[in-house]
Participant: 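Questions regarding the structure given below will be posed in turn.
Numbers here simply count residues along the sequence, with the first being 1.
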Amino acid sequence: MPTMMPLNLALLLVLGSPPHDEEPGTAPLEQAVISASPTAESAHQLAEALTAAEAEALELVQDADALALLDRARLALASIYLALGDSTKAAAAMDEVIRSAMGRDVGAGSFGPTVLELYERRLQALQDTGTSTIAIVCHGCEVIINEAHVTDPATPLYLGSYRVWVVFTDPRRAPTHLEIELSEPGIVARRSFLAVSQSPRDAPEVNSEGTARLLPRWAELTMASAGAVAMISGVVLASLNGKCRGDARGGDSETCPQLYHNRPQDIVLIGLGTTAVVAAGVVLTIDEVRVGRARGHQAMLTWTTRF
């Protein structure tokens, strides 16, 4: 019942508040739960604190107290929406509670019968809609879905949005963050990541998505340099073509003992050099777009995939 919301939140603080030595990364979320009230402003603050805490999934995944705090915060958000009479947002928030729990008991009953009834109703609705699967194919990595380690790739998941982290054992590869939307039952949302060779020189450079370079950067730069040298050599030969190799009396080429004859070598060198420079430039540009986009920005890559 909406009028009981302040009492329910008070009971939460007395019976279920996290310990005072909460990690700094979840301190803002703890404060947002403590100060939660049935107002739109409180709902906004709590939602923002949840988003910030979810971004720290790699630090929270091993912390049972932090995961319990996330469950309580999500339930508190659904409770606020119920108190405000916004049934649509309350249902969406409760769906997020259920998906994020990944099978954990969230203790919805501690927020009172109204919240528990919404939890049971939304759980049944998600079960009726069906499930799908997220399959991450990678070598030497661990997968985290909604702040929970996933060891079974066939784990059925309710439809909706999921936060996925792929953490590699290879120190050269930054963690990758995906947002995967499961919109149809019975599908497998698959994402594959290429393995990286252990040889620093021979291994293809990859970005966080596992995309390999077409050529190593050193090979592309070498091709461009060689092409530039050939092109310049061809231009030099072309400028000397037909000129005297020694001194001609009175500047008359007819009296020159020997002329430069650099054709067609000059044309061939210019053509080959130009082709090499252009080809190296194209390949280098493609690779820098594919691989280097993440440099100078974040140490991790995020994208959204819908299925």
Side-chain angles (χ1 to χ4, degrees), residues 43-44 46-58 60-61 67 70-71 73-82 84 86-106 108 115 117-138 141-167 175-194 207-211 290 293-294 298 300-307:
H44 177 72
L46 186 54
E48 284 193 337
L50 269 168
T51 299
E54 290 165 355
E56 304 295 326
L58 301 184
L60 305 183
V61 66
L67 295 180
L70 286 169
D71 291 338
R74 295 182 182 113
L75 283 168
L77 184 60
S79 301
I80 292 174
Y81 287 137
L82 274 177
L84 294 176
D86 194 331
S87 58
T88 300
K89 287 186 177 180
M94 188 59 75
D95 287 354
E96 183 61 31
V97 170
I98 297 169
R99 285 192 299 266
S100 296
M102 297 291 289
R104 293 192 305 271
D105 180 11
V106 298
V115 175
E117 188 274 332
L118 175 63
Y119 172 84
E120 293 174 343
R121 188 171 71 248
R122 294 310 306 164
L123 178 60
Q124 185 62 54
L126 289 174
Q127 291 173 343
D128 292 343
T129 303
T131 61
S132 292
T133 303
I134 295 176
I136 305 297
V137 181
C138 57
C141 72
E142 62 177 346
V143 178
I144 299 169
I145 300 180
N146 284 3
E147 298 81 51
H149 280 291
V150 176
T151 56
D152 182 4
T155 300
L157 302 171
Y158 297 121
L159 301 188
S161 180
Y162 288 86
R163 302 172 297 280
V164 181
W165 284 91
V166 183
V167 183
T176 298
H177 180 214
L178 305 89
E179 293 178 1
I180 297 180
E181 181 79 20
L182 300 178
S183 57
E184 297 179 13
I187 66 170
V188 178
R190 188 180 304 275
R191 176 68 66 180
S192 300
F193 295 84
L194 300 178
N207 63 7
S208 299
E209 299 161 300
T211 303
R290 296 174 69 193
R293 184 175 294 162
Q298 295 177 322
M300 58 194 66
L301 181 64
T302 306
W303 72 88
T304 302
T305 307
R306 294 181 180 272
F307 294 87

Participant: Of the non-hydrogen atoms in Val106 and Ala101, which two are nearest, and what is the gap between them?
Facilitator: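 The answer is CG1-CB, 3.5 Å.
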Participant: Step by step, would you call Leu50 with Leu70 a side chain to side chain contact (heavy atoms under 4.5 Å, CB included)?
Facilitator: CA-CA 7 Å; Leu50 269 168; Leu70 286 169; 3.9 Å; yes
Participant: Side chains of Ile134 and Ile136: closer than 4.5 Å at any heavy-atom pair?
Facilitator: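 The answer is yes; the side chains approach within 4.5 Å.
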Participant: Using every non-hydrogen atom in the two residues, find where Ala43 and Ile80 come nearest and quote the distance to one decimal.
Facilitator: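 Between these two residues, the closest heavy atoms are CB-CG2, 3.9 Å.
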Participant: So which heavy atom on Val164 is nearest to which on His177, and how close?
Facilitator: O-CD2, 3.2 Å
Participant: Is any side-chain heavy atom of Tyr119 less than 4.5 Å from a side-chain heavy atom of Ile98?
Facilitator: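 Side chain of Tyr119 against side chain of Ile98, heavy atoms only: contact under 4.5 Å found.
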Participant: Do you know the tightest heavy-atom contact between Ser132 and Leu182?
Facilitator: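 Taking every non-hydrogen atom into account, CB-CD1, 3.9 Å.
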Participant: According to the salt bridge (charged side-chain N to carboxylate O under 4.0 Å, His left out) rule, which pairs have a member within residues 155-164, sequence neighbours left out?
Facilitator: Glu54-Arg163, Glu96-Arg163, Glu147-Arg163
Participant: So how far is it from Arg122 CZ to Arg99 CZ, rounded to the nearest 0.5 Å?
Facilitator: 9.0 Å
Participant: For the atom pair CZ (Arg104) and CG (Leu67), what is the distance rounded to the nearest 0.5 Å?
Facilitator: 5.0 Å
Participant: So do Met94 and Leu75 actually touch side chain to side chain, heavy atoms under 4.5 Å?
Facilitator: yes
Participant: Can you check whether Leu58 reaches Pro175 side chain to side chain, under 4.5 Å on heavy atoms?
Facilitator: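 Counting from C-beta outward, Leu58 and Pro175 do come under 4.5 Å.
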Participant: Measure the spacing between OH of Tyr162 and CD1 of Ile180 and express it to the nearest 0.5 Å.
Facilitator: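 Here the rounded value is 11.0 Å.
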Participant: Donor-acceptor pair, Thr129 side chain versus Tyr158 backbone, under 3.5 Å?
Facilitator: no
Participant: Rounded to the nearest 0.5 Å, how far apart are CG of Leu77 and NZ of Lys89?
Facilitator: 9.5 Å
Participant: Answer yes or no: does atom NE2 of His44 have more than 12 heavy-atom neighbours from other residues, nucleotides or ligands under 6.0 Å?
Facilitator: no
Participant: Mind checking the CD1-OG1 spacing from Ile187 to Thr133? Nearest 0.5 Å is all I need.
Facilitator: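 One gets 9.0 Å once the value is rounded to the nearest 0.5 Å.
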Participant: Quick one: pull up CG in Asp95 and CG in Leu118 and give me the separation to the nearest 0.5 Å.
Facilitator: 8.0 Å
Participant: Evaluate the criterion side chain to side chain contact (heavy atoms under 4.5 Å, CB included) for residue pair Trp165 and Val61; output intermediate values, then yes/no.
Facilitator: CA-CA 11 Å; Trp165 284 91; Val61 66; over 6 Å; no
Participant: Would you say Asp71 and Val97 make side-chain contact, with heavy atoms under 4.5 Å?
Facilitator: no
